Amino acid sequence: MTPSVRDLAVARAGHRGIAPEKAPLVAVAHGSRDPRAAATVEELLTAVRRRRPALPVAGCYLDHAAPDPLRVLGRLAADGADDAVVLPLLLTAAYHSKIDIPGVLAEACTRHPRLRLRTAATLGPHPLMLTALERRLATPETGVEAGDPSTAVVLVSAGSSDPAANAVIEGMARQWRARGWWDVAAAYASAARPTPAEAVRSLREAGAPRVVVASYFLAPGHFADKVRAESLEAGATAVSPVLGAAPELTDIVLQRYDEALSTAAAATG
């Protein structure tokens, strides 16, 4: 018989003499047909488990990969869980966090009325995101020193039809610019302008000595590959790897989890 998420967490905690935490963490990622995406999500969740071994952690996907959230939540309900924290592994609050995930949770509550679900905030925006982006730009592959005044940065997200989500990326670019870069411009892989290539060309035409691209993506996949190819073709010096399991993202995941529990406690206290 395959052990449940809760059984595994209790076993890990007991081995370390740690009391298991009450509410499991159910992390919901977008999902991709690219197997690298799920592997990267699992790498991040493994880092979360290492940081907090008493916390039951399960990953799931909205599309293109298994398991889906309803299956994971159903398994928790069958295992006797009383509540769970659902955390969107999304970098901005847009359609998936505002429509898709609430719809799934409403269905889960109908199927499992005894399972109390608390929804955490999306990973971004968060102050640690800029530190994580700088970490990725500083990898040997790119070698960009944080705040280099001779370097302009194009901050690229997936893009959204939700103007509020795109405005978040523009706000991040303004904040990042203040750290000393030659300039920081926002760009979008889809659904909005400018495109990464347009932003790279614009900065080069404005006289930027060097232009690099910061990939504001959680995991590898179609968009990340497309952005890399088009940005380099447009004249970018380097394109950073995706955020993946950057230590800052582990911090954010656990902070979002704790915030969700604290908010629920305050509401019932």
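What you see is a predicted model; the values in this text were computed from it and never measured.
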4.5 Å side-chain heavy-atom contact, Asp148 and Arg210: yes
Check ion pair Arg114-Asp82 (N to O, under 4.0 angstrom): no
Exercise: identify the closest heavy-atom pair between Ala23 and Leu55: O-CD1, 3.5 Å
Parallel, tilted or perpendicular, as decided by the 30° and 60° cut-offs, for the rings of His64 and His30: tilted
Ser231 OG to Glu198 CD distance, which is reported to the nearest 0.5 Å: 11.0 Å
Distance in Å, Leu73 CG paired with Cys60 SG, rounded so as to fall on 0.5 Å steps: 6.5 Å
Ala199 to Val154 - nearest heavy-atom pair and separation: CB-CG1, 3.7 Å
His126 and Gln255: side chain donor to acceptor below 3.5 Å: yes
Salt bridge present between Arg228 and Glu141 (N-O < 4.0 angstrom): yes
Side-chain ion pair, Arg118 and Asp83, N-O less than 4.0 Å: yes
Leu87 with Val41, same ILVMFWY side-chain cluster at under 4.5 Å: yes
Residues Ser240, Val213; criterion side chain to side chain contact (heavy atoms under 4.5 Å, CB included); working and verdict: CA-CA 6 Å; Ser240 72; Val213 171; over 6 Å; no
Euclidean distance, Ser32 OG relative to Leu62 CG, rounded to 0.5 Å: 12.5 Å
Val153 side chain reached by Asp183 side chain, heavy atoms, under 4.5 Å: no
Thr110 (side chain) donor-acceptor with Ala106 (main chain) under 3.5 angstrom: yes
Minimal non-hydrogen separation, Val85 against Ala120, with atom names: CG1-CB, 4.1 Å
Rounded distance [0.5 Å steps], CE in Met172 versus OH in Tyr216: 4.0 Å
CA sep, side-chain torsions, deciding dist, call: Leu117, Cys109, side chain to side chain contact (heavy atoms under 4.5 Å, CB included): CA-CA 8 Å; Leu117 299 178; Cys109 288; 3.8 Å; yes
Any Val28 side-chain heavy atom under 4.5 Å of Val104 side chain: no
Which atom of Pro194 lies closest to which atom of Ala186, heavy atoms considered: CG-O, 3.4 Å
Tyr188 vs Ser157 side-chain heavy atoms within contact, under 4.5 Å: yes
Val227 with Met129, same ILVMFWY side-chain cluster at under 4.5 Å: no
Donor-acceptor under 3.5 Å (Thr92 side chain, Ala94 main chain): no
Atom CD of Glu107: over 12 foreign heavy atoms under 6.0 Å: yes
Check: Leu243 main-chain N/O paired with Arg136 side-chain donor or acceptor under 3.5 Å: yes
Rounded distance [0.5 Å steps], CZ in Arg256 versus CG in Leu123: 7.0 Å
Heavy-atom side-chain contact between Val212 and Val239 under 4.5 Å: no
Backbone of Ala158 reached by a side-chain donor or acceptor of Ser190 within 3.5 Å: yes
same_hphob_cluster(Leu45, Leu91) at 4.5 Å side-chain heavy-atom cutoff: yes
Carboxylate-amine/guanidinium proximity below 4.0 Å for Glu205 and Arg201: no
Any donor-acceptor N/O pair, Arg49 side chain to Val57 backbone, under 3.5 Å: yes
Contact check, side chains of Phe217 and Val156, non-hydrogen atoms, under 4.5 Å: yes
Test log, rule salt bridge (Lys or Arg N to Asp or Glu O under 4.0 Å), inputs Arg36 and Asp225: CA-CA 12 Å; Arg36 296 175 299 168; Asp225 290 347; 2.7 Å; yes
Test item: Leu218 and Thr40 side chains (from C-beta on) under 4.5 Å apart, heavy atoms: no
Joint hydrophobic cluster, Val211 plus Val184, side-chain heavy atoms closer than 4.5 Å: no
Same apolar cluster: Leu133 and Leu249, side chain cutoff 4.5 Å: yes
Nearest-0.5 Å distance, OG1 of residue Thr237 to CG of residue Leu232: 9.0 Å
Lys98 versus Ala164, closest heavy-atom pair with distance: NZ-CB, 4.4 Å
Intermediate values then yes/no, side chain to side chain contact (heavy atoms under 4.5 Å, CB included), Leu254 and Ile252: CA-CA 5 Å; Leu254 291 171; Ile252 295 171; over 6 Å; no
Min side-chain heavy-atom separation Asp258-Arg52 under 4.5 Å: yes
Glu42 side-chain N/O to Ala39 backbone N/O, donor-acceptor pair under 3.5 Å: no
Within 6.0 angstrom of Arg71 CZ, more than 12 heavy atoms from elsewhere: no
Side chain to side chain contact (heavy atoms under 4.5 Å, CB included) assessment of Leu90 paired with Ile101: CA-CA 11 Å; Leu90 304 170; Ile101 290 178; 4.1 Å; yes
salt_bridge(Asp63, Arg33) N-O dist < 4.0 Å: no
